[in-house]
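What follows is a short report on a single structure.
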Amino acid sequence: MQASTFLILDGNSLAHRAFHAIPHLATSQGVATNAVYGFTNMLFKVLKEVKPDLAAVCFDKGRVTFRHDHYEDYKAHRPGTPDELRPQFPLIKEVLAAMNIPVLECEGYEADDLIGTLAGRAEQAGISSIIVTGDQDTLQLVSPLTRVFLTRKGISELEEYTEGRVWERFGITPAQFPDYKGLVGDPSDNIPGVPGIGPKTAKALLKEYGSLEEVVSHVDDLPARQRDKIRQYHEQALLSKRLATIEREVPLEINLDAFRWPGPDYNQLLSLFSRLEFKTLIRVIRQELGEKEEAEGRQPAREVETYRVTFRHLTGREDLSRLVELCRRAGRVAIALSGSRQEGIVAAALGLKAPGDSPEAPYLSIFYLEPGDPASNPAALDALARIFRDPDTEKLLHDGKSALWLLQKHGLALNNLAFDTMVAAYLLNPASANQELADLALEHLKVVLPARGEEALAARADVIWRLSELLAEKLRLAEMERLYYEVELPLVAVLADMEMTGVAVDKQYLEEMSRELEIKLAAIAEQIYQLAGEQFNINSTRQLGYILFEKLELPVIKKTKTSYSTDASVLEELAGAHPIVPLVLEYRQLMKLKSTYVDGLAALINPETGRLHTTFHQTVTATGRLSSSDPNLQNIPIRMEEGRKIRRVFIPRREGNLILTADYSQIELRILAHMSGDPNLLEAFRQGQDIHTRTAAEVFGVAITEVTADMRGRAKAVNFGIVYGISDFGLARDINVSRQEARQYIENYFARYAGVKAFIERTIQQAREKGYVTTLLNRRRYLPDLFSANRNVRMFGERTAINTPIQGSAADIIKLAMVRIHRELKERGLATRMILQVHDELIFDMPAGELPEVSELVRRHMENALVLDVPLVVDMKLGPNWYEVKKI
DNA sequence: GTGTTCACG
DNA sequence: ACGTACGTGAACACC
């Protein structure tokens, strides 16, 4: 054998490291996976760096080892394996099996001993070894052929130990390590050593005498203090040395060839990772596979069977018109498109159950066409257009909204979107990080999608078909059919329409604001530099921290993980302490306005339409809300007057139109009243009272007429707190009262609204039983955090259990209203367009003349979206832009 | 890419 | 004794 490298891992040590280094991590079903994840990541990293020819992972076996024969208290103080870690060992071994790395364990021996034995055999065969572990004892194995990599700081870094490095760090040779431990001891293994002898003395003694035995035999030559200690404890020291000595002759049949590493079994690995929900690792592997195939050329020796489908590449006009007919007769077709918003549709694959498909043949017929090349294929786009338009053909898509954007480029319509696998998968688990088709294929069908080419698109069509059937059944079982077919699926096209319509903007006004802010910012910056006595980057929290807390010596209020906190709450507290502080606050505010809103929005104006076309994300939030990006139009300033002015920029799309806004009044608290059935809360809403005033009266025990503005403000914070899963600490911080006082408010609240208290307790209890919480329309969110061993994580889970049904039900309601409003606007042929949704508010771009009709229908659909035990109330405003809207 | 800060409901 | 409201996205600094 020549110049081979043997990678030997200490499975137990690394699993423990990973467990403590990776914060709680679990599958959506609550199976703890943090140690498996950390271990696997580390394994990948090491394999990539070392590229070993041989590999093995050693584990401890048996609670009692030969060391206990000598010393029954060996490792006695070590806490047992944590409950959340123990079940992860079998999973780690599954990972290793899929990696084709042998696992070695031997009854009565620790991983160290196996590692020592393996490394010894390797040395005899002239093979160099790399040992990876968190256990310092292993350093005694270091030799010219054997290196040890110790984990440092969790799992992210490894420190390499050669003989030289051991000498540098400890001042001893690797072979002296057991002697060293014999003197110094090791509290973590409950090895006593010699009390009073530390690293320095031990190092000096071993340098002088070479070994512990020699030290003991020369005990009379030692200085008095050391002599007494060694005399008293020499037996204990020799025992400690034996305990710390790694057994290098474990009786095992070892054939080094058995450890030759052939590389991973990618199929097994992908299926395991999809079970463990290791999305990132799945991507890493898929990437690796792609690179591998590329490197190996067109005829790769495949180690993994990527999903293969047979398909027909259609070009002829006759074939294409037959395809349209085929789709019609089949009644439903799965469609995968490739292309971009700029070019439109480049290629398409269609999957359908054709009447002629024999039971022997693949049950799907798949066709591939390229409308992107009109010269060679003029009829393809026309065929697609007819299929998409046909209301009698059900279309199955993944990410229908993106498909609608592609179609729009060619001016095509889509009728009868019957299933969207992306949206379906989101409903089944809204917490998952993404809903990409490749991930769904892995998770639900256990297949790996090919990455590129015609085959990839054909496979996507096939997978969309199969997933549609599978996910539809899962939705049925989860009782989410109404939510899916009445709300989320029709919403796809509604959102597409909103995005495409876009929001008109006043570009000149935006540019004006930018210039003004520029000037103000420069002036403030100048004053800040004057007061600081130097120029620095005010945007840098680090530099600002240095100026405030070191140069100007202002008191440190709060720290972040890495340095001083300079957030608004800190600066407000320091505002009186130095004139620079209020300037920094103002600078921050204006800077935010300019960069995020003024300049940020301007950069995203579509040059063709002159409007902003946000993207609404339907499969992102854990609660069921939408989110918005590029630009985010759901966080346009309103609370501060300076920021609020930004809203002037948002104008109707043509002369004679107005901006109409309609927002739900207190929808979350109304939902709370409905879900809890609390009589007090129900009454407040039924009588149309101001809810915060009513709460103030209840909490402070005064008449409604006696409630002051201050009391109302505090009560408002209490109401918010209830919806978020209140804590006295959070409430106290928010309204600046003592924690005791906050606790009193909460107690009073629950005394007056006992139904709410019962609802909270009931909701958490049910969440624990089922593992998930639900909304009014049965939207579901799994809460593995409820079962965490970590109290903080668990309490976080409890707060989410309360908040999600409320926030999510509000999302259900407004989405239902959006679908119905959109439908009726269309049916009536109105020119009004719904352009934005901001969680509890809808915004319309409306011809002034349509006001009576539109305001009636919007109010009707919003207020009657669902019938609750309290009325839903909508406030409407109207104006020439989003800033100047006035109540109607 | 991660951390900090801050805008919204 | 601990560390705390729920849900998002964007800009910037710094590695």
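Keep in mind it's a predicted model, so treat the numbers as computed, not measured. Letters A, B, ... mirror the listed sequences (proteins, then strands); counts begin at 1.
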Is there a ring pair (Phe, Tyr, Trp, His ring centres under 6.0 Å) between A/Y745 and A/F700 once you walk through the steps?
-> CA-CA 8 Å; A/Y745 295 170; A/F700 297 108; 5.1 Å; yes
B/S/- along nucleotides 3-9 of chain B (protein heavy atoms under 4.0 Å) is SSSBBBB
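- Using atom P as the reference point in both B/dC6 and C/dA5, the two lie 15 Å apart (nearest Å).
- A/F759 is linked by a ring-ring contact (aromatic ring centres under 6.0 Å, His included) to nothing, counting only residues two or more places apart in sequence or in another chain.
- Interface limits on DNA chain C: the 5'-most and 3'-most nucleotides within less than 4.0 Å of chain A heavy atoms are C/dC2 to C/dC15.
- Comparing the same atom, P, in C/dT4 and in B/dT5 gives a spacing of 14 Å after rounding to whole Å.
- Nucleotides C/dG3 and B/dT4 are separated by 16 Å at their P atoms, to the nearest Å.
- A salt bridge links A/E741 with A/R714: at least one charged nitrogen is closer than 4.0 Å to a carboxylate oxygen.
- No donor-acceptor pair closer than 3.5 Å links the side chain of A/T804 to the backbone N or O of A/A801.
- Contacts of A/A810 with the nucleic acid, taken as non-hydrogen atoms under 4.0 Å apart, are absent.
- Residue-level contact check: A/D728 touches neither bases nor backbone, having no heavy atom under 4.0 Å from any strand.
- Between A/T615 and A/H617 there is a side-chain heavy-atom pair separated by less than 4.5 Å.
- Counting any heavy atom pair closer than 4.0 Å across all strands shown, A/F796 reaches sugar-phosphate atoms only and no base atom.
- Contact check on A/R515 versus A/E511 returns no salt bridge, with no Lys/Arg side-chain nitrogen under 4.0 Å from an Asp/Glu carboxylate oxygen.
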A/R542 and A/E550: CA distance, side-chain angles, deciding distance, salt bridge (Lys or Arg N to Asp or Glu O under 4.0 Å) verdict = CA-CA 11 Å; A/R542 227 183 92 182; A/E550 291 182 23; over 6 Å; no
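- Within 4.0 Å (heavy atoms only), A/R794 reaches no atom of the nucleic acid at all.
- Where A/T800 and A/S727 meet DNA chain C, the nucleotide closest to each residue was compared, and A/S727 sits on the side nearer the 5' end.
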Can you give me every donor-acceptor pair (side chain of residues 596-605 of chain A, partner residue at least two apart or in another chain, under 3.5 Å) with its distance?
unit_1: A/Y597; atom_1: OH; unit_2: A/N635; atom_2: O; d: 2.6
unit_1: A/Y597; atom_1: OH; unit_2: A/N635; atom_2: ND2; d: 3.4
unit_1: A/D599; atom_1: OD1; unit_2: A/S514; atom_2: OG; d: 2.9
unit_1: A/D599; atom_1: OD2; unit_2: A/K594; atom_2: NZ; d: 2.7

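- In this structure, the side chain of A/R794 does not engage the main chain of A/L786 through any donor-acceptor pair within 3.5 Å.
- Projected onto DNA chain C by closest heavy-atom contact, A/T804 and A/R791 fall at different nucleotides, the more 5' of which corresponds to A/R791.
- Paired regions of DNA chain C, where each region holds three or more successive Watson-Crick or G-U pairs whose two hydrogen-bonding distances fall under 3.5 Å, are B:1-9 with C:6-14.
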Side chains of residues 723-734 of chain A: which donor-acceptor partners sit under 3.5 Å, not counting sequence neighbours?
unit_1: A/S727; atom_1: OG; unit_2: A/G730; atom_2: N; d: 3.0
unit_1: A/D728; atom_1: OD1; unit_2: A/R739; atom_2: NE; d: 3.4
unit_1: A/D728; atom_1: OD2; unit_2: A/R743; atom_2: NE; d: 3.3

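- Judged purely by atom type and a 3.5 angstrom limit, A/R611 uses its side chain to pair as donor or acceptor with the backbone of A/T501.
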